[in-house]
Amino acid sequence: MGNDEVGYVIELGRRLPPFPEAQRTDANKVPGCVSQVWLATTVEHRDGRPLLGFAGDSDAHIVRGLVAILIALLSGRSAAEIVGEDPHALFERLGLGEHLTPQRSNGFRSMVSRMRADATTVMAEAM
């Protein structure tokens with residue numbers, strides 16, 4: 001990423017609310033990331049629809065910013081919307097995807113996969 005993009009992504013990560021120490025569990029850890037990444041999912045039922053909320057953190061500044069972007073994009077949305085969303089396409093449209101290292105790209109994919117898996121589980125439980 002260029003300096004402007006890196007600075008912006010890092011700043012987004014700094015704005016994430018503190019992630020509770022109690023949530024730094026193996027169950028919340030995202031496999032497939034070189035950095036340590038935790039994602040916690042909550043479900044709120046509104047108008048008969050399950051809406052998912054996400055909280056997260058990483059020990060790497062840039063990755064924490066990527067977590068912040070995914071949370072902004074997917075939190076508060078229905079499980080079906082999350083499963084249908086393509087964060088990779090958004091990153092490409094923003095010009096960020098081409099600047100991610102292969103390791104960060106893999107980690108980004110792992111985070112998206114985890115969020116989609118949680119949404120899929122919520123949809124299955126709602127049936």
Side-chain angles (χ1 to χ4, degrees):
M1 285 189 230
N3 287 338
D4 290 343
E5 291 93 349
V6 169
Y8 181 66
V9 170
I10 289 171
E11 182 57 34
L12 291 173
R14 285 187 181 131
R15 293 180 186 180
L16 273 178
F19 193 74
E21 201 59 42
Q23 299 246 359
R24 294 177 194 273
T25 63
D26 287 342
N28 286 337
K29 197 164 184 185
V30 178
C33 297
V34 173
S35 305
Q36 293 192 76
V37 177
W38 297 271
L39 286 172
T41 305
T42 56
V43 181
E44 175 186 330
H45 293 274
R46 206 177 312 147
D47 300 325
R49 295 181 334 153
L51 303 178
L52 281 76
F54 297 99
D57 198 10
S58 175
D59 62 347
H61 295 296
I62 293 174
V63 177
R64 191 167 200 258
L66 297 176
V67 169
I69 291 169
L70 286 173
I71 289 171
L73 178 65
L74 300 176
S75 261
R77 298 180 71 184
S78 73
E81 288 174 316
I82 291 167
V83 170
E85 184 63 59
D86 186 2
H88 304 290
L90 171 67
F91 261 57
E92 294 307 317
R93 282 194 311 272
L94 295 175
L96 295 174
E98 66 193 50
H99 299 294
L100 293 179
T101 65
Q103 290 176 326
R104 284 197 184 110
S105 290
N106 288 339
F108 182 77
R109 278 195 272 298
S110 294
M111 289 184 273
V112 170
S113 293
R114 166 63 178 278
M115 294 167 123
R116 283 183 173 159
D118 287 355
T120 300
T121 298
V122 168
M123 286 185 350
E125 290 171 354
M127 296 184 133

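Scope of the values below: all heavy atoms of this structure, side chains included, with no hydrogens, waters or symmetry mates.
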Work out which heavy atom in [X] is nearest to a heavy atom in [Y]; give both atom names and the distance.
X	Y	result
V122	P50	CG1-CB, 3.4 Å
S35	D59	CB-OD1, 3.4 Å
A119	A79	O-CB, 3.4 Å

Any side-chain heavy atom of [X] within less than 4.5 Å of one from [Y]?
X	Y	value
D57	Q23	no
F108	L70	yes
R77	L52	no
I71	M115	yes

Flag yes if [X] and [Y] sit in one hydrophobic cluster, no otherwise; membership is Ile, Leu, Val, Met, Phe, Trp, Tyr, and two members link when side-chain heavy atoms are under 4.5 Å apart.
X	Y	value
L73	V83	no
L12	L16	yes
V43	I82	yes
L51	M123	no
V34	V9	no

How about NE2 on H61, more than 12 heavy atoms from neighbouring residues, nucleotides or ligands closer than 6.0 Å, or not? no
Only pairs at least two apart or in different chains count here, so list each salt bridge (charged side-chain N to carboxylate O under 4.0 Å, His left out) that has a residue in residues 26-45.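 Those involving residues 26-45 are E44-R46.
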Given 3.5 Å as the limit, does a donor-acceptor pair link the side chain of S75 with the main chain of F54, or not? yes
Quick one: does R116's side chain have a donor or acceptor within less than 3.5 Å of a partner on E85's backbone? yes
How long is the span from the [atom1] atom in [X] to the [atom2] atom in [Y], to the nearest 0.5 Å?
X	Y	atom1	atom2	answer
C33	R104	SG	CZ	11.5 Å
R64	E11	CZ	CD	10.5 Å
M111	N106	CE	CG	10.5 Å

What residues, two or more places apart in sequence or in another chain, satisfy salt bridge (Lys or Arg N to Asp or Glu O under 4.0 Å) together with R109? none
Please lay out, stage by stage, how N28 and R114 fare under the test side chain to side chain contact (heavy atoms under 4.5 Å, CB included). CA-CA 10 Å; N28 286 337; R114 166 63 178 278; 3.7 Å; yes
